[in-house]
There are 2 protein chains.
Amino acid sequence: MCHISNEMALVKNKKTKDGAEKKIVDAARKLFTEKGYDAVKTRDIAKEAGINLALLNYYFRSKENLFEIIMKENMGRFMEVITGIVNNEETSLEKKIEMLVANYIEILSVNPDMPLFVISNAKIDDHRMKLREKFLGSYFMKQIQQAMKAGKIADINPASLMLNIVGLTIFPFVARRMFQSSNGLTHEAFNELMQERKKMIPKWIEAMLKVK
Amino acid sequence: MCHISNEMALVKNKKTKDGAEKKIVDAARKLFTEKGYDAVKTRDIAKEAGINLALLNYYFRSKENLFEIIMKENMGRFMEVITGIVNNEETSLEKKIEMLVANYIEILSVNPDMPLFVISNAKIDDHRMKLREKFLGSYFMKQIQQAMKAGKIADINPASLMLNIVGLTIFPFVARRMFQSSNGLTHEAFNELMQERKKMIPKWIEAMLKVK
DNA sequence: TTTTGATTTAAACAAATGATTAAATCAATT
DNA sequence: AATTGATTTAATCATTTGTTTAAATCAAAA
């Protein structure tokens, strides 16, 4: 009677005719990411998934539950990118910046609504603390402090540097709807613009790091 | 019986004991800007304003009406800043960038939730198109194109330049809650950081504008 | 004092919405 | 064929929420 979705993935011993559970999560991801928690109704999710309201609650118990799954998923992707890059002791500072920017733009080009979703949904709290920690406690930050001491780059507040890298990369996606609306950019033109920025942002950051 | 709030401000011939209308708008501004449209209930607004639900609807007819007023107010402030600076034919390119950054940070330090509010509430449409137009059709843009032709600054996509200026300035406010949560920055430390950025962002932009 | 308009009170409405239930159906397994 | 578990159907609940109403109160103007 009482299903806990984590176990389901493993336990699911019988049919699950057409993977109803997956269809629900897919629909929830699409709608939540696009419209946010409040604007999405459980009935919308059921409809989008092509199943019915009862089954949604049968699997996931509640809307909040389902939302939590999507939120973890999204935050997880953000984390993966950072974790994989930021503590690699083999790569240079420049290479790390390049990789951070490229990886984020790559992911976000496919999931352009993700950043605004993560930022604007208050129900996170636990997850988001980690992101800051990951960044500021990383080998990447050590490299920066070393470079500053060695006089290779200008003194800069680590938080400000983080804001610059993340801001230049992610802000366009956050503000995307504002720029695209009405007479604005097409989806393709926007992606092109971001591909261009993928090359430029690391250069811009380097130039900024030389400013006294 | 049927009040239209625009006229009210002029018509209001009698008492309005303690300015109930203003108290409602103030409460609405605070709550909407802080939590967004869906999360705020008309009952919350009435409570915050210290008046009752009936009066709210007596004055403003509907929640949407009230929201529209706040949205216009907020967008208006954004516009004022841009309009006042961007078409001034007396000031240099550098001065304009400096003023844009300084003015935005000044306003947003007092209204830190404004950007996320504007960006994340879909119900704008009409308003936001103007922002883009204001920017791209401005004397500011002409100056940039001239400077590019003259070889004084590197070639850059105008949209990208706009994203850089606005992004570096506004993104910290958009992402503010993510950075401040838990063990993060205090309100004061955040404002200090932004004061520092007020000086640095124009320098950073200049440095970026020299990158080939 | 009467009148008038601002404000309150309390109640109610209708619609939307998250959640639950019980019985039916359907498809694969035994 | 009988069983079992997944899924559907349809109905219902309880709550929240935007909005409205009607009658009362209150304070100033006439």
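All chains are named by letter (A, B, ...) in the order of the sequence lines, taking the proteins before the strands, and each is independently numbered beginning at 1.
Under 4.0 angstrom from either OP1 or OP2 of dT7(D) there lies no side-chain N or O belonging to Tyr58(A).
The separation between Asn57(B) atom CG and dA14(C) atom P is 17 Å, rounded to whole Å. Counting to the nearest Å, the P atom of dA6(D) and the CG atom of Leu53(A) are 19 Å from each other. Between the NZ atom of Lys63(B) and the P atom of dT16(D) there is a distance of 15 Å, rounded to whole Å. Separating the CG atom of Leu55(A) from the C1' atom of dA19(C) is a distance of 14 Å, rounded to the nearest angstrom. Per the geometry, CG belonging to Leu56(A) stands 11 Å off P belonging to dT20(C), to the nearest Å. Rounded to a whole Å, the CD atom of Glu21(B) is 9 Å from the P atom of dT7(C). For the pair Phe32(B) CZ and dG18(D) C1', the interatomic distance rounds to 11 Å; values are reported in whole Å. When the P atom of dT20(C) is taken as reference, atom CZ of Arg61(A) falls 6 Å away, rounded to whole Å.
Applying the side-chain hydrogen bond (donor to acceptor under 3.5 Å, both in side chains) rule to pairs touching residues 39-52 of chain A yields Lys30(A)-Glu48(A), sequence neighbours excluded.
Of all the residues in residues 42-51 of chain A, Thr42(A), Arg43(A) reach under 4.0 Å from DNA chain C with at least one non-hydrogen atom.
Along DNA chain C, the nucleotide nearest to Asn52(B) and the one nearest to Ser62(A) differ in position, and the one closer to the 5' end is contacted by Asn52(B).
Looking at residues two or more places apart in sequence or on another chain, you find a ring-ring contact (aromatic ring centres under 6.0 Å, His included) between Tyr104(A) and Phe78(A).
A cation-pi arrangement is not found for Lys134(A) relative to Phe140(A), the charged atom failing to lie both closer than 6.0 Å to the ring centre and inside a 45° cone about the ring normal.
For Lys72(B) (side chain) and Phe67(B) (main-chain N/O), no donor-acceptor pair under 3.5 Å exists by modelled atom type. When atom types are taken as modelled, the side chain of Asn88(B) and the backbone of Gly84(B) share no donor-acceptor pair closer than 3.5 angstrom.
Within 6.0 Å of atom NZ in Lys35(B), 12 or fewer heavy atoms from other residues, nucleotides or ligands are found, so the atom counts as exposed in its surroundings.
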